[in-house]
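To start, the structure under review is shown below, and the notes come after it.
In this text, all values refer to a predicted model and were calculated from it rather than measured experimentally.
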Amino acid sequence: MASPSAGPAELGFVEAAPSWRLRSEQFPSKVGGRPAWLSAAGLPGPPELACPLCGRPMAFLLQVYAPLPGRADAFHRCLFLFCCRTPPCCCGLRVFRNQLPRRNDFYSYEPPSEDPPSETGESVYLQLKSGAHLCRVCGCSGPKRCSRCHKAHYCSKEHQSLDWRLGHKQACAQTDNLGNTVPDHNFLFPEFEIVIETEDEIMPEVVERDNESEIIGGMGEAHEEDLESMAKHESKEDKIFQKFKTKISLEPEQILRYGRGIAPLWISGKNIPQEKDIPDCPCGAKRLFEFQVMPQLLNYLKADRLGRSIDWGVLAVFTCAESCELGIGYAEEFVWKQDITDAA
Ligand SMILES: [Zn+2]
Ligand SMILES: [Zn+2]
Ligand SMILES: [Zn+2]
Ligand SMILES: [Zn+2]
């Protein structure tokens, strides 16, 4: 059966970065913290960002800046992945796509400066250029506000009460510098930049061949029929998991594999989606694989703070093959989770 090529993939690694580099106007790819929204209008609202499984607000997991060369309407393009992190849930997941032309209402036509801004403040942005307010806890659209001070905005009752307990109860009366007094709600994931490198395509082939000759070399005595029956016993699951391990062994720190239209690297033979499992975009176009999040990312998310709420083997994101026009809004795309427990 013909399948797309397995590469080359772009690999993503996490790196510490100063907070200014992770702001919207720098068009970052990043993990954790608050989303660096692209378009400041048409943000997904609380209903869209509710966990599809338990209904509670999801946390921002990561975003990938992925413009489409040759597409004027996607000169800037970004994918935003959210996941539920409330134990005992569930790892509910949702992903959104947003894209903008080079000339737009929010950003300069010219690329952003690579120098740090002169102001050094680390204050959290809780209002967008469009005027929209963001939730103080999660950094997502915050249509509700505190009825006392009218200055603190929230996505949900749940986040309002979290902020109230962790300091807004006191701060509510002194609202002069509310933006500088955002407490640690223990809700956001730790923040990192994602840096991208192209995977070396030659090495995995060499390693695979080495493994093969090792196996054959070790069986000098075996008859041909024996070898054949052994090969039959090697399950498809083992092969897929072996391929996964071999492929990542060269860059074991990779947290992301990006490649629009390439084949995903599954961790197991179980629970691989069929074509019919990937819903078409509402525009009518098929969805293509675009990137996957690797289990290595879990090591950076302070799992001890998470309880046992989140876990995955592979999160594979599929997006509209046409990357259809959206105006200024955010379009929901599709994410498939393959559990690590599915692995052999
Ligand atoms: Zn949930
Ligand atoms: Zn919130
Ligand atoms: Zn208040
Ligand atoms: Zn579409």
Side-chain angles (χ1 to χ4, degrees), residues 6 9-14 29-33 35 49-64 66 79-97 138 187-192 194 237-238 240-249 251-259 262-274 277-279 287-319 332-344:
E10 306 280 318
L11 305 184
F13 301 88
V14 296
S29 294
K30 68 168 201 137
V31 168
L49 290 172
C51 171
L53 301 170
C54 74
R56 283 175 285 203
M58 290 188 294
F60 169 70
L61 182 60
L62 59 80
Q63 67 189 71
V64 179
L79 303 164
F80 298 83
L81 181 57
F82 293 82
C83 84
C84 182
R85 58 165 302 175
T86 322
C89 192
C90 63
C91 205
L93 293 156
R94 283 186 161 179
V95 62
F96 298 85
R97 168 173 58 90
C138 65
F187 179 79
L188 301 173
F189 292 117
E191 192 172 32
F192 298 96
I194 301 176
E237 261 87 305
D238 294 340
I240 288 169
F241 187 54
Q242 279 310 322
K243 185 181 169 197
F244 182 88
K245 284 205 299 191
T246 305
K247 202 83 169 152
I248 65 168
S249 64
E251 296 285 1
E253 291 296 300
Q254 61 185 275
I255 58 110
L256 186 111
R257 297 176 67 84
Y258 181 90
I262 70 170
L265 181 63
W266 299 112
I267 196 167
S268 140
K270 291 177 193 140
N271 199 26
I272 292 177
Q274 305 290 304
D277 297 321
I278 312 293
R287 282 198 173 97
L288 289 178
F289 172 75
E290 182 152 0
F291 72 87
Q292 70 186 82
V293 181
M294 308 298 276
Q296 281 79 358
L297 180 59
L298 293 162
N299 301 333
Y300 297 93
L301 299 182
K302 294 193 180 160
D304 51 324
R305 290 180 80 179
L306 302 174
R308 293 197 298 174
S309 55
I310 63 165
D311 199 11
W312 63 73
V314 162
L315 305 178
V317 170
F318 296 80
T319 59
E332 184 160 8
E333 296 284 12
F334 184 74
V335 52
W336 182 272
K337 177 158 79 97
Q338 201 184 31
D339 285 319
I340 211 154
T341 49
D342 293 340

Side chain to side chain contact (heavy atoms under 4.5 Å, CB included), that's the test. Do Cys138 and Phe187 meet it? Break it down for me. CA-CA 7 Å; Cys138 65; Phe187 179 79; 3.6 Å; yes
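- The distance from atom CG of Leu49 to atom SG of Cys84, rounded to the nearest 0.5 Å, is 12.0 Å.
- Remark: Arg97 is not positioned above the aromatic ring of Phe80, lacking an NZ or CZ atom under 6.0 angstrom from the ring centre and at most 45 degrees off the axis.
- Every salt bridge (charged side-chain N to carboxylate O under 4.0 Å, His left out) that Glu191 has, sequence neighbours left out, goes to Lys30.
- Taking each heavy atom of Gly92 and Cys51 in turn, the nearest pair found is CA-SG, 3.8 Å.
- Not counting sequence neighbours, the partners of Ile255 by the side-chain contact (heavy atoms from CB on, under 4.5 Å) test are Val14, Val31, Ile194, Gln296, Leu297, Tyr300.
- Side-chain contact between Arg257 and Pro264 is absent, with no heavy atoms from C-beta onward closer than 4.5 Å.
- Residues forming a ring-ring contact (aromatic ring centres under 6.0 Å, His included) with Phe334 (at least two apart in sequence, or on another chain): none.
- Phe291 pairs by the ring-ring contact (aromatic ring centres under 6.0 Å, His included) definition with nothing, not counting sequence neighbours.
- No side-chain heavy atom of Leu93 sits less than 4.5 Å from a side-chain heavy atom of Phe82.
- Atoms CG and CD, on Asn299 and Glu253 in that order, are 7.5 Å from each other to the nearest 0.5 Å.
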Stepwise, does the side chain to side chain contact (heavy atoms under 4.5 Å, CB included) test hold for Asp311 with Leu298? CA-CA 7 Å; Asp311 199 11; Leu298 293 162; 3.4 Å; yes
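- Considering only heavy atoms from C-beta on, Leu61 comes within 4.5 Å of Phe189 through its side chain.
- Partners of Glu251 according to the side-chain contact (heavy atoms from CB on, under 4.5 Å) rule, which considers only residues two or more places apart in sequence or in another chain, are Leu11, Phe13, Gln254.
- For Glu332, the salt bridge (charged side-chain N to carboxylate O under 4.0 Å, His left out) partners two or more places apart in sequence, or in a different chain, are Arg94.
- The ring-ring contact (aromatic ring centres under 6.0 Å, His included) check on Phe244 picks up nothing, with sequence neighbours excluded.
- Nearest heavy-atom pair across Leu62 and Val293 is CD2-CG2, 3.8 Å.
- The structure places CD1 of Ile248 at 7.0 Å from CD1 of Ile267, a figure rounded to the nearest 0.5 Å.
- Residues satisfying the side-chain contact (heavy atoms from CB on, under 4.5 Å) criterion with Ala50, sequence neighbours excluded, are absent altogether.
- If you take CD on Gln338 and CD on Gln292, they are separated by 9.0 Å, rounding to the nearest 0.5 Å.
- Residues passing the side-chain hydrogen bond (donor to acceptor under 3.5 Å, both in side chains) test with Glu290 are Arg77, Tyr258, Thr319, sequence neighbours excluded.
- Nearest heavy atom pair, residue Gly269 against residue Ile240, reads CA-CD1, 3.5 Å.
- Summarising the geometry of Met294 relative to Trp312, their closest heavy-atom pair is O-NE1, 3.2 Å, with the distance given to 0.1 Å.
- Minimum interatomic distance between Arg287 and Ile278 (heavy atoms only, all atoms of both residues): CB-CG2, 3.9 Å.
- Between Gln63 atom CD and Ser29 atom OG the span is 7.0 Å, to the nearest 0.5 Å.
- Rounding to the nearest 0.5 Å places CD of Glu333 at 11.5 Å from CZ of Phe318.
- Shown here for Asp277 and Trp336, the closest heavy-atom pair between the two residues is CB-CZ3, 3.7 Å.
- Counting heavy atoms from C-beta outward, Ser268 and Phe241 have side chains that stay 4.5 Å or more apart.
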